[in-house]
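The first residue of the sequence shown is numbered 1, and numbering continues consecutively from there.
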Amino acid sequence: MIISQDEIQAYIDTPILRLISQTADEMQMECFIIGGYVRDFFLYRPSKDIDVVAIGKGTDLAEAVARKLGRETHLTLFKNFGTAQIKYREYEIEFVGARKESYRSDSRKPIVEDGTLEDDQRRRDFTINAMAFCLNKERYGELLDPFNGMQDLEDLIIRTPLDPDITFSDDPLRMMRAIRFATQLGFDIYPDTFDAIARNRERIGIVS
């Protein structure tokens, strides 16, 4: 699967994403699209559901973007979680600051700290959901893929970025997500990842 940065830039060259880019640059904040929107680009599945990660307070970026978009915008802040959502025309955009997470053994609710982009990618469920596009003008459309999600897309593989026992023990719901993605996309679950689902199956008991 050979897709150039020019093709990525053309895909994300939309007024709403350019506005987010401009706003982030004005705030001197690094900003990235991450997760499903990136994955679905490579799967040729256009999406209007966008996750934005900022290095800093994602809620501040969301508020600044909402002010520029004006009256058509519906902004919801989830200050306890450090996230925000903008609904604008056909778009739903989630904003969050980059973070790293740790977990207690009896809960899938994380203890959250500020982090880097790679910290945020590391906490993602699967490599194909850990890819990011930079939105800042200097690097607009640059792909950041530290866990080789592109290769797993080509190989039709569901694999965790970290040791799967850690990924699934931290948040057992990810085991069900692995099955769902494999079924929906026609992918195979990587053997180590599949074996970890079997090993951690009792952890599903902490999911509500």
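- How far CD1 of Ile34 is from CG of Leu135: 11.5 Å, rounded to the nearest 0.5 Å.
- The stretch residues 20-37 participates, sequence neighbours left out, in these side chain to side chain donor-acceptor pair (under 3.5 Å) pairs: Gln22-Glu26, Thr23-Lys68, Asp25-Asn136, Glu26-Lys68.
- To the nearest 0.5 Å, atom CD1 of residue Ile189 and atom CZ of residue Arg159 are 12.5 Å apart.
- With a 4.5 Å cut-off on side-chain heavy atoms, Pro172 and Asn200 do not count as touching.
- Two residues are said to be in side-chain contact when any heavy atoms from C-beta on lie closer than 4.5 Å; Phe133 and Ile12 meet this criterion.
- With hydrophobic clusters built from ILVMFWY side chains whose heavy atoms lie under 4.5 angstrom apart, Met176 does not share a cluster with Leu162.
- Thr59 has its side chain out of reach of Phe95: every pair of non-hydrogen atoms, C-beta onward, lies at least 4.5 Å apart.
- Considering CD1 of Ile197 and CD1 of Ile179, their distance stands at 4.5 Å, rounded to 0.5 Å.
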Please assess Val52 against Glu94 for the test side chain to side chain contact (heavy atoms under 4.5 Å, CB included), listing each intermediate value before the final yes or no.
CA-CA 6 Å; Val52 173; Glu94 302 279 346; over 6 Å; no
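- The shortest distance between side-chain heavy atoms of Met131 and Leu143 falls below 4.5 Å.
- Residues Arg122 and Glu118 are paired through a salt bridge, judged by an N-O separation under 4.0 Å between the basic side chain and the carboxylate.
- Here Tyr190 is tied into one hydrophobic group with Ile157, each link being a pair of ILVMFWY side chains closer than 4.5 Å.
- Distance CD/Glu142 to SG/Cys134: 6.0 Å, rounded to 0.5 Å.
- At most 12 heavy atoms of other shown residues, nucleotides or ligands fall within 6.0 angstrom of atom CZ in Phe194.
- Within 6.0 Å of atom CD in Glu138, 12 or fewer heavy atoms from other residues, nucleotides or ligands are found, so the atom counts as exposed in its surroundings.
- Side chains of Thr73 and Val65 form no contact here, defined as non-hydrogen atoms less than 4.5 Å apart.
- Rounding to the nearest 0.5 Å places CZ of Phe168 at 7.5 Å from CE of Met175.
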Walk me through it: do Arg124 and Asn129 pass the test side chain to side chain donor-acceptor pair (under 3.5 Å)?
CA-CA 7 Å; Arg124 301 281 161 169; Asn129 294 332; over 6 Å; no
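- With a 4.5 Å cut-off on side-chain heavy atoms, Ile93 and Gln85 do not count as touching.
- Cluster annotation: Ile55 and Ile50 are assigned to distinct hydrophobic clusters (Ile/Leu/Val/Met/Phe/Trp/Tyr, side-chain heavy-atom contacts under 4.5 Å, transitive).
- Using a 4.5 Å cut-off on side-chain heavy atoms (C-beta onward), Asp155 and Phe187 make no contact.
- Residues Ile8 and Met150 fall within the same hydrophobic cluster, defined by Ile, Leu, Val, Met, Phe, Trp and Tyr side chains chained together at heavy-atom separations under 4.5 Å.
- Note: Asp163 CG to Asp165 CG = 5.0 Å, rounded to the nearest 0.5 Å.
- Side-chain atoms of Leu144 and Gln121, non-hydrogen and from C-beta on, do get closer than 4.5 Å to each other.
- A side-chain hydrogen bond (donor to acceptor under 3.5 Å, both in side chains) with Thr127 is found for one member of Thr160, Asp152, Asp145, Thr193 and no other, namely Asp152.
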Might you work through the side chain to side chain contact (heavy atoms under 4.5 Å, CB included) test for Leu17 and Ile33, ending with a clear yes or no?
CA-CA 9 Å; Leu17 293 179; Ile33 307 172; 3.8 Å; yes
Going through the distances and angles, do Leu185 and Arg45 end up as a side chain to side chain contact (heavy atoms under 4.5 Å, CB included)?
CA-CA 11 Å; Leu185 300 176; Arg45 303 197 314 179; 3.5 Å; yes
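- No path of Ile, Leu, Val, Met, Phe, Trp and Tyr side chains, each step under 4.5 Å between heavy atoms, connects Val96 with Phe78, placing them in separate hydrophobic clusters.
- Under the 4.5 Å side-chain contact rule for hydrophobic residues, Phe126 and Val53 do not share a cluster.
- Ion pairing between a basic and an acidic side chain is recognised when a charged N comes within 4.0 Å of a carboxylate O; Asp125 and Arg177 show such pairing.
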Go through it in stages, so that I can follow the logic: the residues are Arg18 and Asp13, the test is salt bridge (Lys or Arg N to Asp or Glu O under 4.0 Å), and I'd like the CA-CA distance, side-chain angles, deciding distance and then a yes or no.
CA-CA 7 Å; Arg18 285 290 183 184; Asp13 190 13; 2.9 Å; yes
Checking side chain to side chain contact (heavy atoms under 4.5 Å, CB included) for the pair Asp188/Leu156: CA distance, chi angles, key distance, verdict?
CA-CA 6 Å; Asp188 291 322; Leu156 309 182; 5.8 Å; no
Go through Glu92 and Lys48 one step at a time and tell me if the salt bridge (Lys or Arg N to Asp or Glu O under 4.0 Å) criterion holds.
CA-CA 6 Å; Glu92 285 194 11; Lys48 303 295 185 184; over 6 Å; no
